Amino acid sequence: MEQFGNIVSSICILMAWSYLIKENPLYTFAEHLLVGMAVGRGIAYTIEVQLKPRIVDGIVGEGRWSLLIPAVIGCLIYFRFFKGYEWVSRICMAVWIGYGAGNFLGFNPATYMPQIFDTFIRLDSFDNVLYFVIVVLVIWYFIFTIRKESGPLKHASMLGRYALMVAFGSAYGSITMAYLSLIIGQLQIILRDTLHLIK
Amino acid sequence: MKRQLPILIVAATAIFVMAMKFVNFGPAGAAAIKEADVWIQVTYEFAFLLGAINFVRLHYGNVSRQRPKWIYSVVSLVALVLTCLVTLIDGVNGTIAMFLYQNIANRIDSAIYALLGFYVCSAAYRSFKLKNLEAGILLASAVLLMLAQAPIGDAIFPGMSKWGEWILNVPNSAGMRGIRLGAGIGAYAASIRVILGLERSWTGSGT
Amino acid sequence: MNWDKLQHIDLRILYAIILLCMMIPMFKPVGLPVAVSDNSETVYQVIEDLPDGSVIWVSHDTGSGNAPELNPMITALAKQAFRKNCKLVGTAFFNETVGPTLVYEHIDEVAQEMGKEYGVDWINIGYRLNAEATMKILVDDVWAGAGGVDWSGDPLAGFPIMQEVKSIRHDVDLLFVTTVGSPGYATWMQYVAEPLKKPLTGGASLTMYSGVQHYIRSGQLKGFLGGLRGAAEYEQLVGYAGQGLAGMDAQSMGHITVIIFLILGNIGYFMSQKKGKQ
């Protein structure tokens, strides 16, 4: 059974990778199969693990009938499919957006402030000085309300831009590594698990 | 009413959540915010079909109007129904459900994502040109990191990985922090605009 | 020589070359040593310093795309944690279908090998809609946040481990989060780690690793593993050769190939520019 699974896996990988040659029916088939299966499993998972326990144990079992109010609010989202009543769905969205914004403003400063405090470190080593200077330069680069057309203001902004290039370069280097490791993962399934050609 | 009600709800919900965080209302407050969190979970649970309905409408439309490549929409719809039924009957971690999901959906998903590995190579070849100083810094930093993060870097230039670590920990980290600090202020401003009703694009009426 | 040709090699040839270059070291592994970074060392040490029998909350917040980078971290963590008789509670918030399945599979494999039992030594709660709300509830009431069931819908009351783990605030000693985006480490930091002052560690896909460094520096993350390389380093520290280490030679060849492509592209660009000027 395990070997059969590995063979199926390898065929699926090759179907997806056939896109590298050119767009073809095998790839399109695999793509549509994936989205269909993902949505199908998503529905089943939500019913089985969230909706069923909530209704059977929570609302009916424990008699928490007050939960019918959010249930109705959640169902309002489906009004977007009824012409002329789309605005009703925005009530549900409003609750989500308000909750998200409130949470963000309430909880995020606790993660944001340490970033500021940690920037004002002791300037007792080359690394610390460089760190502080780069943070200031990058912030300076992003301040667009002050004219920086010439002189030291412009040069500071330019240095900030160079510092950003170092950061983006290292991000590109890391991303290259990440994506290559994804290819390795697929090759291991084909060559090791299915064909047993490597250890 | 159609425009104002959602904006009022946003403000009321946000103020309630923030008040519960910043003001100590004792056990009653803790119970109230916990109940609110559960309510939010419930709204999501009952709205979960939104994406699926959109998906089915799109593909059903393709099939019924016989649009180009409609046959693939049939594949998607059949896959949806079968996977859903198998998972419901066999259980989320049932043998058949897991087999189908792990060996087909998961594999196609990760293989498609892995295509990016090939594209990153072609991007390096076609687009990463040394046109000016900025591009030079970007390229130098990227090459150094690529060498430092694979074991071969240390094999060619001993101590390379330590240099890579330094770039990540000092210049990169400082640059990213600068971006984070700036983006944070932007995000706070955007949230406040939403709460005050100044940002209304989500209501369909523009800002 | 027509330098323009160097700029217009058929991409399919490039794809074939990269594939070949990465396959060769898989057949003939060199076993290049992997130097352990300070960040990986910190992750290992934070877990090692936990008292035996502690509870670790593991959130495998990944989609299937980046999973090959992050799965080895979960396996290595399970090995280290079970060796110390730590208990594991799994969740997954990034993707409702991928994360819960993978966290189950990878911990289960190690658990069976080390004689640990599901529901007693570890449990998988899985995915719940709206990570923010769920995390906020989990802080004080794990049962309520999970809706009273595990990832397959079985009641939590049937699992002895859940008698010990009632809330993250009182019963969890460490958060280990693997992350590829949002929800991920930032969400855990915002709603759980910072408010409770709980240590937060884990690993990130290398696609976002450069963006977590400033959190490590400020101490908000206790070290962090970076992609497959980080997993390989962590495997070394835990003391076994897993998926991470197995891929390191291929990774090296891949990087060299990309750098060669980069050089080739630039030579072609410069020479054709020069020719144009002439």
Side-chain angles (χ1 to χ4, degrees), chain B residues 30 33-34 36-41 43-45 47-48 91-94 98 101-102 105-110 112-114 116-118 120-122 124-131 139 142-143 145-147 149-155 161-162 164-165 168-169 172-174 176-177 179-180, chain C residues 7 9 11 14-15 18-19 32-35 37-39 63-68 97-98 100-101 104-105 126 128-130 132-134 136-137 140-141 144 147 151-153 206 209-211 213-214 216-217 226 229 248-249 251-259 261-262 264-266 269-270:
Chain B
I33 192 64
K34 186 181 164 190
D37 292 332
V38 173
W39 278 33
I40 290 292
Q41 268 190 326
T43 58
Y44 272 81
E45 284 161 9
F48 82 106
V92 171
N93 60 349
M98 284 282 268
Y101 193 69
Q102 281 298 74
N106 229 347
R107 285 296 154 249
I108 299 173
D109 193 1
S110 51
I112 289 178
Y113 198 66
L116 288 169
F118 295 98
V120 93
C121 298
S122 62
Y125 168 70
R126 292 174 99 172
S127 322
F128 220 149
K129 301 283 164 30
L130 200 58
K131 286 179 178 165
L139 196 132
V143 169
L145 246 289
M146 271 190 253
L147 279 175
Q149 287 189 330
I152 201 156
D154 274 333
S161 58
K162 286 290 159 198
E165 250 185 87
L168 272 178
N169 291 341
N172 161 74
S173 167
M176 291 296 179
R177 179 170 290 173
I179 296 172
R180 167 76 180 96
Chain C
Q7 281 205 89
I9 301 173
L11 288 180
L14 293 187
Y15 298 151
I18 186 87
L19 211 51
L32 288 168
V34 178
S37 67
D38 294 345
N39 285 340
S64 57
N66 290 92
T97 48
V98 178
T101 318
Y104 178 82
E105 275 198 353
R128 295 293 180 277
L129 287 160
N130 197 311
E132 298 176 355
T134 308
K136 282 174 71 187
I137 304 168
D140 284 310
D141 192 343
W151 81 298
S152 54
L206 275 173
Y209 192 56
S210 61
Q213 297 301 318
H214 52 285
I216 300 174
R217 206 182 156 95
R229 162 85 188 224
M248 277 300 106
D249 286 340
Q251 189 90 54
S252 289
M253 272 311 284
H255 282 209
I256 292 293
T257 318
V258 173
I259 291 171
F261 286 164
L262 224 149
L264 276 181
N266 274 288
Y269 172 72
F270 275 111

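Computation of the quantities below employed the complete heavy-atom set of this structure, encompassing side-chain atoms and omitting hydrogens, waters and symmetry-equivalent molecules. All values derive from a computational prediction rather than experimental measurement. Every chain is numbered from 1 and lettered A, B, ... according to where its sequence line falls, protein lines coming before strand lines.
- At a 4.5 Å heavy-atom cutoff, the contact between A155(B) and chain C is made by side-chain atoms alone.
- Proximity to chain C (any heavy atom under 4.5 Å) is shown, for N106(B), by both the backbone and the side chain.
- Considering only heavy-atom pairs separated by less than 4.5 Å from chain B, the leading option among L206(C), I9(C), I18(C) is I9(C).
- Of all heavy-atom pairs spanning D38(C) and E165(B), the tightest one is N-OE1, 3.3 Å.
- Taking I137(C), V258(C), V34(C), L32(C) one by one and counting their heavy-atom pairs under 4.5 Å with chain B, the maximum is reached by I137(C).
- With a threshold of 4.5 angstrom between heavy atoms, R177(B) approaches chain C through its backbone and through its side chain.
- Contact detail for K34(B) and A144(C): the closest heavy-atom pair is CE-CB, 4.0 Å.
- Among Q102(B), R107(B), M98(B), the residue with the largest count of heavy-atom pairs under 4.5 Å with chain C is Q102(B).
- To the nearest 0.5 Å, atoms CZ (F128(B)) and CD1 (I259(C)) are separated by 11.0 Å.
- Between chain B and the residues P33(C), S252(C), A133(C), the most heavy-atom pairs under 4.5 angstrom are made by S252(C).
- With a 4.5 Å cut-off on non-hydrogen atoms, D249(C) does not touch chain B at all.
- In terms of heavy-atom pairs under 4.5 angstrom with chain C, the leader among D109(B), V38(B), V92(B), L145(B) is D109(B).
- Each of N266(C), D140(C), L129(C), I216(C) has some count of heavy-atom pairs under 4.5 Å with chain B, and the biggest count is that of N266(C).
- Of the inter-residue distances, the one linking L116(B) atom CG with N66(C) atom CG reads 9.0 Å to the nearest 0.5 angstrom.
- L262(C) contributes atom CG, which lies 5.5 Å from atom CE of M146(B) (distance to the nearest 0.5 angstrom).
- Shortest non-hydrogen contact noted between H255(C) and A150(B) is ND1-CB, 3.6 Å.
- For the set Q251(C), M248(C), M253(C), the entry with the most heavy-atom pairs within less than 4.5 Å of chain B is M248(C).
- Other residues, nucleotides and ligands place no more than 12 heavy atoms under 6.0 Å from the NZ atom of K131(B).
- In this structure, no portion of I112(B) lies under 4.5 Å from any heavy atom of chain C.
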Show the numbers, then the answer: is there a side chain to side chain contact (heavy atoms under 4.5 Å, CB included) between L19(C) and F118(B)? CA-CA 9 Å; L19(C) 211 51; F118(B) 295 98; 3.5 Å; yes
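- Atoms CZ and CG, on R217(C) and N169(B) in that order, are 7.5 Å from each other to the nearest 0.5 Å.
- Defined by atom type and a distance below 3.5 Å, a donor-acceptor pair is present between the side-chain atoms of T97(C) and Y101(B).
- If you measure heavy-atom distances from I33(B) to chain C, the contacts under 4.5 Å come from the side chain alone.
- With respect to chain C, the highest number of heavy-atom pairs below 4.5 Å among I179(B), V120(B), D154(B), N93(B) belongs to N93(B).
- Taking each heavy atom of Y125(B) and F261(C) in turn, the nearest pair found is CD1-O, 3.5 Å.
- If you measure heavy-atom distances from E105(C) to chain B, the contacts under 4.5 Å come from the side chain alone.
- To the nearest 0.5 Å, the span separating OH on Y15(C) from OG on S122(B) amounts to 4.0 Å.
- Atom CD of Q213(C) is separated from atom CG of N172(B) by 6.0 Å, given to the nearest 0.5 angstrom.
- Only the side chain of R180(B) comes within less than 4.5 Å of a heavy atom in chain C; its backbone stays farther off.
- Minimum heavy-atom separation, S161(B) to R229(C): CB-NH2, 4.0 Å.
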